[in-house]
Protein chains: 2
Amino acid sequence: MQSERIEEYLETILYLINKNKGPAKTKKIADELKVSAPSVTEMVQKLAAEGLVKYTPYYGVELTEAGAIKASKIRRKHQVLEKFLADVLGVNKTDAHKEACELEHAVSDTVLEQVCTFMGHPEICPDGNPIGQGKCCTTVEEQYPVLSEMQEGSCGIVSMIKLPPADKDRLISLGLMVGESLVVKRKQHKGSISVLTRGTEIALGNEIASKIFVKPQRMIRGRVRRRGRH
Amino acid sequence: MQSERIEEYLETILYLINKNKGPAKTKKIADELKVSAPSVTEMVQKLAAEGLVKYTPYYGVELTEAGAIKASKIRRKHQVLEKFLADVLGVNKTDAHKEACELEHAVSDTVLEQVCTFMGHPEICPDGNPIGQGKCCTTVEEQYPVLSEMQEGSCGIVSMIKLPPADKDRLISLGLMVGESLVVKRKQHKGSISVLTRGTEIALGNEIASKIFVKPQRMIRGRVRRRGRH
DNA sequence: ATATATATTTAGGGATGCCTAATTAACGGA
DNA sequence: TCCGTTAATTAGGCATCCCTAAATATATAT
C-alpha cells in the first residue's frame, strides 16, 4: 500500500485545479501542504512516474485519468468523514475539516461505505460542496424500493432520504429518519401512504414517499431490529 | 507530533507485557509488528532515549510511567474505535480490530471522546476486554444525574447505561437507549419512575433507574432535539 | 528591451524507519 | 561443562519525504 503522502498531494492537486481552473502550480501546492517548493517538485515527479499526474516543468501539474479517480475517491472520503464528524458527533465545522484530513487516509474503502450508509448517503458536505456518490449510494438508489412503491404490511429500514434539508427536518421531527424502521400501514389514493414508526403513524404524500428509499427487512417478533444499538 | 510508529510499538509492548506477565522480548515485538528484530532493537533504543520504556539489552522492554500512560491511551482509543466499528457500523469483529489499528493513530483525543460519548461510554470491547475509562466517562458519572434522582417534568438525553448487556437490551427493546431523549413523567413510591420516550411511557424500577445517567436538557417546543440527525 | 522580482528546479543532505548479513549473548540438553 | 540452537545486537544500507542554498527560468514593470 502506497504512502498517504501521495493521497495528500493528489487531493491538493485536485483542489487547486478545480479552484483555479488550470494546472496546479508548484508554489500553490507547497503553500497548501505547508512544505517547501523543492519537496513538491520532487513528489510531483514521482507522481508523474507513477502515471498519476501529467507534469510539465515550469507550467504545472494536471491529473491523469488514474490520478483523477484516486483523487476523487480521497475527496469523497474526506467529505463523508467531515459530514460524519460534524453531523453525528457534533464536531464544529473547522475541527471537522481538520480531523477529516487526518482520518481520510486511515479509513478503508469498506468502512467509508459503512459510514456513508449509516448517514443515509448524504449529498452535501458541511463545507457546502456536494459529496461525490459512492457505490453504496447508487446501490441504494438502484436496488432499494422507495416508500411509495412498498406494499401494505411490508417493513424496512429507512436508508436514504433524497429531499432538501427542510423536508428532511420535518420528517425527523415526525420521527422518520435514516436508520429508523417502519411498517407500511395503509396505501391510500394517489400514492399517499401511511407508515408506522416507533408506534407513531405518519401519513406521507407521494412526492415525499417517492424520495424515501427503504431497505426491506423481515419482521422480528413485531419489531424490527434497529442498527447501532450500543 | 511524533510518529505513529511509536504508538504502535508502545501498544504492542503493553499488550505483550500483559500477556506474558514479564518484559516484552525483542522477537515477540518483531513478530507482532511484522518487522525484523533489528528494527525493534533500534526503535526500542529510541523509545528508551525518550523515556517511554526501560530497555535492558538481552532481557527485554518494560514501560515507564510515561510510556504506560501513553500506551493505555492508545489502547483505549483502539478499543473505543473497535467497539464503534462493530456496534454502530456493523463491521465484523475481525475487520473491526484491523481497522481500529489503522484508525487509532489518526483519531484525535477530542474526537475519540466524542465517539465514546456517542456510544454511551461502553465498558466492554468486542474483543472481550474491558475498555479503559476516559475523562468523558468519569465526567458523566460524576456530573450527570441518574434517572432515579431526576425531578418530575425534567428532561434530558440518556448518556450512559451502566447495566449488564441483558438489561440494556431489554431497555433498548422498550425504546430506551443512549442518545434517546426522555421526560420524567411521574416518580412513584420506592424510587420507581415512569418516563416518556418518543411517545411511549415506560416504568422503571429503582435498581434500573439508578444506573441510567441522563444529560439534563431544556425542552424545545415540546421536543428534545436528538443528536445525530443526518 | 531590459532589469528586477518571483517561481521553479537542481544539488546536496538529514531524519525516520525499515532491511539483510554478520556477530555476539543467552539458554538448554547431553 | 560444553556445544548447538535460538535470540539479540551491531554494521551497513535503502526508500521516503523533508529541508536549505544555489542556479535557472519566467513574468512584470519601466
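Proteins get letters first, then strands, A, B, ... in listed order; numbering begins at 1 in each.
In terms of position on DNA chain C, the residue among Pro38(A) and Ser39(B) whose nearest nucleotide sits closer to the 5' end is Pro38(A).
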Between the protein and nucleotides 24-27 of chain D, which nitrogen or oxygen pairs are less than 3.5 angstrom apart?
none

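Taking atom OH of residue Tyr59(B) and atom C1' of nucleotide dA25(C), one finds them 17 Å apart after rounding to whole Å. In this entry the distance linking CG of Leu33(A) with P of dC17(D) reads 12 Å, nearest Å. Atom-to-atom, CD1 of Ile6(B) to P of dG17(C) comes out at 6 Å; the value is rounded to the nearest Å. For the pair Lys27(B) NZ and dC27(C) P, the computed distance is 16 Å after rounding to whole Å. Remark: C1' of dC19(C) and NZ of Lys34(B) are 17 Å apart, rounded to the nearest angstrom. Straight-line distance from the CE atom of Met43(A) to the C1' atom of dC19(D): 14 Å, rounded to whole Å.
For Lys54(B) (side chain) and Ala48(B) (main-chain N/O), no donor-acceptor pair under 3.5 Å exists by modelled atom type. No donor-acceptor pair closer than 3.5 Å links the side chain of Asn20(A) to the backbone N or O of Gly22(A). The main-chain N or O of Gly51(A) is found under 3.5 Å from a side-chain atom of Thr64(A) such that the two form a donor-acceptor pair. A donor-acceptor contact shorter than 3.5 Å is absent between the side chain of Glu4(A) and the backbone of Ala106(A).
The listed nucleotides are dT8(C), dA8(D), dC18(C); the one nearest the side chain of Tyr9(B) is dC18(C).
Using a 4.0 Å heavy-atom distance criterion, Gln45(B) is classed as a sugar-phosphate-only contact.
For dT16(C), neither phosphate oxygen OP1 nor OP2 lies less than 4.0 angstrom from any side-chain nitrogen or oxygen of Ser3(B). Listed pair Thr26(A) / dT9(C) meets the phosphate criterion, a side-chain N or O lying under 4.0 Å from OP1 or OP2.
Remark: aromatic rings of Phe84(A) and Phe84(B) are close, center separation under 6.0 Å.
Not a single donor-acceptor pair, N or O on each side, falls under 3.5 Å between the base of dC17(D) and the side chain of Glu42(A).
Counting only residues at least two apart or on different chains, the ring pair (Phe, Tyr, Trp, His ring centres under 6.0 Å) pairs with a member in residues 86-111 of chain B are His78(B)-His97(B).
Contacts of Glu113(A) classified as salt bridge (charged side-chain N to carboxylate O under 4.0 Å, His left out), with partners at least two apart in sequence or in another chain: Arg76(A).
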